[in-house]
Protein chains: 2
Amino acid sequence: MNSILLPSRGRVTISEVASAAGVSKASVSRYIGGDRQLLAEATAERIAQTIERLGFRPNQMARGLKRGRTRLIGMLVADILNPYSVAVMHGVETACQRHGYTLVVCNTNRDDEQECRHLAALQSYNVEGLIVNTLGHHAGELKDLQNRLPLVLVDRQMEGFEADLVGLDNTQAVRQAIDHLQQRGYRDLLLVSEPLDGTSSRQERAQAFRTQIAANPSLKGRLLETNGDFTAKLKTFLTEPGPGPKAVFAANGMAALTSTASLRELGCRLFEDIGLIALDDLDWYPLVGNGGITALAQPTEAIGITALEYLLARLNGSRSAAQRMAFPAELRIRGSTQPRIS
Amino acid sequence: MNSILLPSRGRVTISEVASAAGVSKASVSRYIGGDRQLLAEATAERIAQTIERLGFRPNQMARGLKRGRTRLIGMLVADILNPYSVAVMHGVETACQRHGYTLVVCNTNRDDEQECRHLAALQSYNVEGLIVNTLGHHAGELKDLQNRLPLVLVDRQMEGFEADLVGLDNTQAVRQAIDHLQQRGYRDLLLVSEPLDGTSSRQERAQAFRTQIAANPSLKGRLLETNGDFTAKLKTFLTEPGPGPKAVFAANGMAALTSTASLRELGCRLFEDIGLIALDDLDWYPLVGNGGITALAQPTEAIGITALEYLLARLNGSRSAAQRMAFPAELRIRGSTQPRIS
DNA sequence: GCGTTGGTTGAAACCGGTTTCAGGAGATCA
DNA sequence: TGATCTCCTGAAACCGGTTTCAACCAACGC
C-alpha cells in the first residue's frame, strides 16, 4: 500500500479511494462499475462511504479507454441556427439523458470542410455512435465511418449510402399541403425552397411537388429558390396570369421567413391577396398576417428520440439492414389559408 | 518489436504505426505531438508516410489522460430552445474552432437537477474549461467547480460568486429602451419579463426599469411577468388610465413572443394602439404588425466569442481577478415605435 | 586519441481506470 | 479430516497515448 498519493490535478483518483478505504483499485472499480454482486456487503459499504467522503468522481475518459464505452454520442448538425435542427437536437438530447449518454454536438455551418473536420474530431473522441445531419457531399468518409461506428442520418439521406434514416415523409407532407391548398380554392401554386444544392430533403420535396402538380390538371405549379433576387422573382409569379387564386408553399422555416418578408415588401397581404402554407411550425407563425401562417409541423422531438433509439439498437447489435422512418407532418390551419369566400 | 498486433476495435493505434514504421511509440508520439524538431528529418518523413498509409488518428481520450489536455470545452445552456442561447453558443463554437477546441454542449432544460448532473458529467469528461449559462441556484457546486477549472458565466451572474461574466449591459439597454420610447411620445410603460425566478439578467433589467422610471417623473411604469393569465393582466394595463400613450417593453425574445400573441388576442394593433420594443432581435421581428417590432439587438456572436476568449485567458493563467464584460445593445427601429403623429 | 557536446532515439513508467487470473477463506460434502 | 466448491479479493496486465531518462552516435576541440 503506497502511502504517498499525489492528488493529480486536484481530482480524487481511484487509487486514492482504494488506499483510503483499505482495499484494492480493483474493488473500487468493481463498485463503481456496478459489479456490486461480486463484493461483500461490508466492503461495498466501506467503499461507498470513502467515495462519498472524498467526493470521488470516476474519470470517464480513463474508463472509456479500456472499456471501449465512452457513453458519448456525437451529433453533426448542418446549421445550428436553423430551429429545425435545434428542435431535433433537443429530442436527441432528451433521449440521451434517458439512456445515460452525453451528447457532443458539432455544427458544420453548412461547410464541407468543417463537416470533414468535425467527423474526424468526433471519431477521435471515441463517440460510440453518430447522428448526422449531413450536407451530403462526403459519401466516402461517411461510408468509411460507418464501418467503425453505428450511424444514423437525420432529415437528409445520401445517394448510394445505406444507413438508417429518420425524417419526415416528404411526399406525404407535400401531398397534404397541395390537398389543403386545393381544397381552400387555390389553383396557382409556388413552391419556395432554399437552393436545391443536393440536400436530399429539399430535392424530395421539390420532386414530390413537381410530380403531384403534373398529375393534377386543375393546378399549376412553379418552383422558386430563395437565392438571387428572390423578391423580383416572386413578383413575377404574382403578376403572371394563372388558372386561379395563388398560394405560396414554403418548403421549410427559412423559406417561410424569406417568403413572408418578400410578400410584405411587395405590399402583398397574406390571405387577402395570397395563400401561404409552410413546412415546419415556428413559434412566430401565429403572429404574422391575418391570423397566422398555416403550417405542416414536423414531429421534431420524436425524430430526435427515434434517431437515438435507432442508434442504440445498432449499438446493441440488434439490427442489420438499414431502416427508414418517415414521420407524417401535422397540418395546423391558420389564417393564411382560410376558406376563400370569393 | 512485437510482430503480432491486434487492431483494437478496428482503429489504428500508435503501436501499430510505430512497428510499421520501424520506430518506437515515443517517436511517433513526438511526431503527432508537434515535437518535430526533436526528430531527424528522415524519421519524421517515414512516420508521416506510415501515418498516412495506415490512416492513423490519435485517440484524443488517451492523449488527454496523461497530458491533461483534452481540448474539450464544456458549455452549459439553460434552455437550448431559446434563440439567444443558440446564438451565443454559435459564437462560442466559432471561437472554439478557431482555437482548436471542441465544444460539448449540455442543455439543462431549466432544471436544477439536470444542471447538477450535467456539471458532474462535463467534469468527468475532463473538459478544460466551462462556459455556464446557469440557473443560479447552485452556488456551492459552482464554487467547488471553479477551484478545479476555469469557468466563465454568460448572461447570468450569481450572488456571492466571483467569476468572469460576459453579457449585456442591462442597465444601459433598459435606458436605451426607455429613452427611445419616451422620445417617441410614449408615457405609460409596461415591462414584460419572464418570471423573476432569480435569473440575474431578468432581475437586473427589472431593477433598472424600476429605478429609471422612478427617476423620471413624466413616465409611469409597471412590470408584468409572463406567467399565470398573462393576457388578462395585459388587458388590465391596456384599459387602465395612464399619463399618456402606452407601450410595452419586452425584456427578451420569449417575452416579445408572449406579448405579441396576447396583444393580437386582445385585438390590439401594434403601433396604432400601442408601442412595442423588445430586447433581443429575432428574425421574425420585421414581419409582425405594421412594419415590424423595434428591437435592441444583443451582440450574441461577440458575447460567445468573448466568453471563450476569457476562458482561454484563464487557461493560460494570464488573468487573476474576475472580470466582467458588458456589451451594449444596438437599437433597431421598426414600425412598432414609429414617431407618434398624434 | 580521448573526453565533450549535441542531436536522436527507445525502454519503461505513467495517466486513471478495467479486467484477467490466481489465491485465500469459509462452507459443503464425502 | 480432507477434498471440493463458492465467494471474495488483490496483483498485474492492459487500454492508447505522453514523458522521463539514459544511451547511442557523430562531430568537435585539444
Side-chain angles (χ1 to χ4, degrees), chain A residues 1-2 4-47 51 54 56-71 123-126 128 148, chain B residues 1-2 4-47 51 54 56-71 123-126 128 148:
Chain A
M1 200 191 303
N2 59 355
I4 306 162
L5 286 169
L6 334 162
S8 91
R9 286 191 283 283
R11 283 184 50 179
V12 182
T13 72
I14 199 172
S15 300
E16 303 175 66
V17 173
S19 84
V23 298
S24 68
K25 280 168 57 178
S27 294
V28 181
S29 173
R30 287 193 262 259
Y31 179 83
I32 61 183
D35 289 336
R36 217 162 301 186
Q37 78 282 3
L38 286 180
L39 294 176
E41 192 82 15
T43 314
E45 183 54 29
R46 202 142 37 93
I47 293 174
I51 286 179
L54 269 51
F56 169 64
R57 302 208 140 282
N59 179 332
Q60 293 294 343
M61 297 302 180
R63 302 187 78 182
L65 201 49
K66 172 82 181 183
R67 216 182 194 187
R69 296 201 61 184
T70 54
R71 310 232 97 192
Q123 210 186 149
S124 78
Y125 284 110
N126 290 2
E128 292 184 37
R148 293 195 231 289
Chain B
M1 201 192 305
N2 58 356
I4 306 160
L5 287 167
L6 335 161
S8 93
R9 283 191 285 282
R11 281 183 52 180
V12 183
T13 73
I14 199 172
S15 301
E16 303 175 68
V17 173
S19 82
V23 298
S24 69
K25 280 167 57 178
S27 293
V28 180
S29 173
R30 287 193 262 261
Y31 179 84
I32 61 182
D35 290 336
R36 215 161 305 186
Q37 80 283 1
L38 286 179
L39 294 176
E41 191 82 16
T43 314
E45 182 54 29
R46 199 141 38 93
I47 294 175
I51 286 179
L54 268 52
F56 168 63
R57 305 206 139 281
N59 179 334
Q60 293 295 342
M61 296 302 178
R63 303 187 77 182
L65 201 50
K66 172 85 181 179
R67 217 182 194 188
R69 295 202 61 184
T70 54
R71 310 236 94 190
Q123 213 186 145
S124 76
Y125 284 111
N126 289 4
E128 292 184 38
R148 295 194 230 289

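Below, chain A is the first sequence line, B the second, and so on; all start at residue 1.
Between the C1' atom of D/dC15 and the CD1 atom of A/I14 lies a distance of 14 Å, rounded to the nearest Å. Summarising the geometry, the separation between CG on A/N59 and P on D/dC15 is reported as 18 Å, rounded to the nearest angstrom. Per the geometry, CZ belonging to B/R46 stands 14 Å off P belonging to C/dT8, to the nearest Å. In this entry the distance linking CZ of B/R67 with P of D/dC15 reads 22 Å, nearest Å. Spacing between atom NZ of A/K66 and atom P of D/dA12 amounts to 16 Å, rounded to whole angstrom units. Rounded to a whole Å, the CZ atom of B/R11 is 11 Å from the C1' atom of D/dG17. The distance between atom CD1 of A/I47 and atom C1' of D/dT9, rounded to the nearest whole Å, is 10 Å. We find that CZ of B/R63 is positioned 21 Å from P of C/dG17, with the value rounded to whole Å.
Contacts with DNA chain D (heavy atom under 4.0 Å) in residues 27-45 of chain B: B/S29, B/R30, B/I32, listed by number.
Applying the side chain to side chain donor-acceptor pair (under 3.5 Å) test to A/Q123 and every residue at least two apart in sequence or in another chain returns A/R148. With sequence neighbours excluded, no residue satisfies side chain to side chain donor-acceptor pair (under 3.5 Å) with A/R57. With sequence neighbours excluded, the residues satisfying side chain to side chain contact (heavy atoms under 4.5 Å, CB included) with B/Q60 are A/S124, A/Y125, B/R63.
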Name every donor-acceptor pair, under 3.5 Å, that has one atom in a side chain of residues 26-34 of chain B and the other anywhere in the protein, sequence neighbours excluded.
none

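Nearest nucleotide to the A/A62 side chain, out of D/dG17, C/dG10, C/dG17: C/dG17. Comparing C/dA11, C/dT18, D/dT18 by their nearest atom to the side chain of B/K25 picks out D/dT18. Comparing C/dG17, C/dC15, D/dT18 by their nearest atom to the side chain of B/L65 picks out C/dC15.
Scanning all heavy atoms of the two residues, the minimum distance from B/S24 to B/A18 falls at C-CB, 3.7 Å. Nearest heavy atoms, A/N126 versus B/N59: ND2-ND2, 3.0 Å.
Within the structure, side chain to side chain donor-acceptor pair (under 3.5 Å) pairs that include any residue of residues 33-46 of chain A comprise A/E45-A/Q49 (at least two apart or interchain).
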